[in-house]
Asks: 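Encoded as structure tokens, here's the structure I'll be asking about.
Atoms within each ligand, like the ligands themselves, are counted from 1 in listed order.
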Amino acid sequence: MQVPLRPAWLALSEHARSIKHRHLRALFAADPERFDRFTVAHDQILLDYSKQRLDSQTMELLRQLADQAAWRTWIERMRSGEAINHTEGRAVRHVDLRAGDSAPREVKAVLERMAEFCERVHAGIWRGFSGERITDVVNIGIGGSDLGSRMAVHALAAFQQPDLQVHFVSNLDSADLASTLTRLNPRSTLFIVASKTFTTLETMANARTARDWLLAAAGDDSAVARHFVAASTNLEATAEFGIAAKNVFEFWDWVGGRFSLWSAIGLPIALAVGHRNFRRLLAGAHDMDEHFFNAPAESNLPLTLALVALWNTNFLSAHSHGVFPYSHSLALLPSHLQQLEMESNGKRANRDGLAVDYSTNPILWGEAGTNGQHSFFQLLHQGSALVASDFIALGKSDFPLPGHHSSLLASCLAQSSALAFGQTVEEARAAGIPDHLLAFRRFPGNQPSSTLVLPELTPFSLGQLIALYEHKVFCLGILWNLNSFDQWGVELGKQLTGRLAPCIRDEAPTDSLDASTRGLIGHLRQIRK
Ligand code: F6P
């Protein structure tokens with residue numbers, strides 16, 4: 001069934017007609033309890049969605065929609081191991097990776113091996129080919145095998161192990177690998193080749209070049225065993241690359257790339273912050289899983305985030321979604337969420353393969369506050385686009401210095417408030433703005449936002465936060481009737497790359513190509529001569 005035919009969807013369309021043009025000023029004026037009514041909390045995480053353009057009836061109808069979409073049944077289907085990723089014939093079991101004592105035996109076994117490995121590296125027992133201890137780890141991976149762990153390592157800088165630097169290389173552009181290697185010593189550098197498939201073009205190219213760089217210094221193939229480990233599901237390919245079986249940390253096809261930081265793909269996190277902190281990260285995610293599975297709809301954080309997103313996208317036509325963590329350490333969260341949300345729900349075929357006739361995932365982007373305020377916030381305040389936002393604030397700084405954090409928090413609240421309420425011409429005049437500037441000093445407001453508040457950034461709270469967004473994505477997939485766990489859309493470009501590479505090298509004719517690609521290749525051949 002197409003989603004809009006669900007009764008609650010039709011009721012929401014009707015309801016949106018009346019609420020669409022109401023200003024947040026009016027909504028707040030009409031309801032002094034609005035903050036209490038539209039906040040939900042779990043553990044110490046608070047979600048304030050009172051600055052969203054909705055009322056109690058909106059939420060009531062949205063929850064009816066979730067029930068009509070059978071969100072609880074979908075949770076059960078996921079948890080029972082059903083192949084809900086039906087286009088790839090795979091189960092979706094990333095929550096099993098963080099289930100603690102109830103995790104599957106094979107998950108626990110890999111976690112144990114990761115712990116032991118981390119201990120050996122940290123204690124200087126694991127040494128390079130010349131006997132030097134490891135000082136630098138380079139994670140080579142891309143997409144889900146890079147973004148999540150890169151983001152978490154950056155976010156948990158306050159928990160960084162001493163004497164070990166973790167670097168990330170993802171791009172096929174050799175500038176990425178070359179600029180990293182130039183700072184490193186092959187004798188004390190360990191590479192993690194992180195790839196679910198172990199066939200990804202970028203990762204394999206970087207891994208081969210890194211291996212050549214190592215062998216140029218070591219002069220002996222046996223050095224690979226001391227300097228290369230892998231996180232992968234493809235044990236044949238890791239062996240073929242020359243990585244000893246004992247140095248491969250396995251995971252399974254039921255772990256989607258963008259949900260894989262909880263698996264062996266999280267090895268760089270465990271190395272950066274210690275295995276105990278990695279376990280705390282898993283525990284935080286597990287805590288959010290339990291909340292999501294058990295909390296009623298009214299107080300369910302992931303479901304609420306999803307319902308608000310659906311409302312903004314499908315009923316208010318906000319096709320852009322900003323994420324603004326007021327935390328320098330969370331600066332990479334928007335990049336991780338871009339893959340998580342856009343690769344999961346950036347789709348136009350529903351689960352039955354029919355083209356949808358409603359909007360699916362908005363474009364997600366973002367930047368850490370306060371930096372964003374001094375670049376694109378102008379457009380949010382006075383531009384013509386409706387943009388929905390998530391602000392994320394921390395009660396405490398993870399790197400406290402006197403005088404900074406209260407101003408940071410004030411900036412966060414000031415922005416969401418200014419976006420919601422704006423400034424009228426009358427207010428501008430009363431503030432002393434001269435008449436000829438009044439038109440430029442008017443802020444229309446009515447830009448919807450939610451604010452998430454975490455008490456502090458720890459491995460546990462970071463785990464909760466990431467899992468919160470993962471389940472939001474899952475709920476949206478249910479509501480939009482999409483398979484959130486495949487990513488066929490990235491395949492076409494990959495295939496074309498294979499066809500065009502020989503053309504760029506002047507080893508294949510370009511006659512059959514479109515005029516633009518042919519023209520560009522001709523130009524590139526000229527300038528590369
Ligand atoms: O870009 C597509 C994608 O398949 C992502 O879904 C995945 O996270 C990434 O490539 C990397 O894949 P792999 O881990 O197999 O190298």
Side-chain angles (χ1 to χ4, degrees), residues 84-94 97 110 114 138-153 168-173 176-177 191-211 228-241 243 248-269 332-347 349 360-361 363-364 466 469-470 473-474 477 482-498:
I84 60 170
N85 175 0
H86 66 302
T87 60
E88 295 183 328
R90 288 178 183 160
V92 174
R93 291 177 47 201
H94 50 273
L97 298 167
V110 173
M114 287 167 68
V138 182
N139 189 77
I140 298 179
I142 196 164
S145 299
D146 167 74
L147 291 166
S149 35
R150 189 194 284 260
M151 175 271 293
V153 167
F168 289 85
V169 168
S170 58
N171 206 321
L172 184 58
D173 183 345
D176 195 3
L177 181 64
F191 293 94
I192 304 172
V193 186
S195 175
K196 180 174 171 179
T197 55
F198 226 76
T199 56
T200 304
L201 171 73
E202 295 87 338
T203 301
M204 297 327 296
N206 281 323
R208 280 191 293 269
T209 306
R211 186 179 53 188
F228 276 81
V229 301
S232 186
T233 60
N234 187 349
L235 305 189
E236 240 172 73
T238 52
E240 205 173 302
F241 185 87
I243 300 182
V248 179
F249 298 89
E250 193 188 1
F251 63 110
W252 308 273
D253 74 352
W254 44 262
V255 183
R258 50 198 175 272
F259 302 90
S260 64
L261 72 94
W262 321 102
S263 71
I265 290 293
L267 189 59
I269 310 172
L332 301 182
L333 182 69
S335 317
H336 175 64
L337 295 184
Q338 268 175 339
Q339 188 198 17
L340 180 63
E341 297 217 7
M342 290 160 75
E343 199 167 80
S344 296
N345 289 330
K347 292 169 188 166
T360 56
N361 216 84
I363 293 164
L364 188 148
I466 303 167
Y469 276 97
E470 287 184 354
V473 163
F474 176 56
L482 303 172
N483 176 1
S484 305
F485 303 104
D486 60 12
Q487 55 284 316
W488 299 109
V490 296
E491 291 306 318
L492 180 61
K494 286 186 191 172
Q495 287 158 19
L496 288 177
T497 299

Asks: Listing request: all salt bridge (Lys or Arg N to Asp or Glu O under 4.0 Å) pairs with a residue in residues 142-151, at least two apart in sequence or in separate chains.
Replies: Asp146-Arg150
Asks: For the pair Lys347 and Asp486, find out whether any cationic side-chain nitrogen is under 4.0 Å from an anionic carboxylate oxygen.
Replies: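 Yes, charged N to carboxylate O under 4.0 Å.
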Asks: How about CD1 on Ile363, more than 12 heavy atoms from neighbouring residues, nucleotides or ligands closer than 6.0 Å, or not?
Replies: no
Asks: Sequence neighbours excluded, which residues qualify as salt bridge (Lys or Arg N to Asp or Glu O under 4.0 Å) partners of Asp173?
Replies: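 Result, salt bridge (Lys or Arg N to Asp or Glu O under 4.0 Å) vs Asp173: none returned.
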Asks: In chain order, what residues pass the side-chain hydrogen bond (donor to acceptor under 3.5 Å, both in side chains) check against Arg211, with sequence neighbours excluded?
Replies: none
Asks: List, ordered by chain and residue number, the protein residues whose closest non-hydrogen atom lies under 4.0 Å from any atom of ligand 1.
Replies: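 For ligand 1, the contacting residues are Ile142, Gly143, Gly144, Ser145, Ser195, Lys196, Thr197, Thr200, Gly257, Gln339, Glu343, Gln487, Val490, Lys494.
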Asks: Fit a plane to each ring of Phe485 and Phe474, take the angle between them on a 0 to 90° scale, and name the class: parallel (under 30°), tilted (30 to 60°) or perpendicular (over 60°).
Replies: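 Ring orientation of Phe485 relative to Phe474: tilted.
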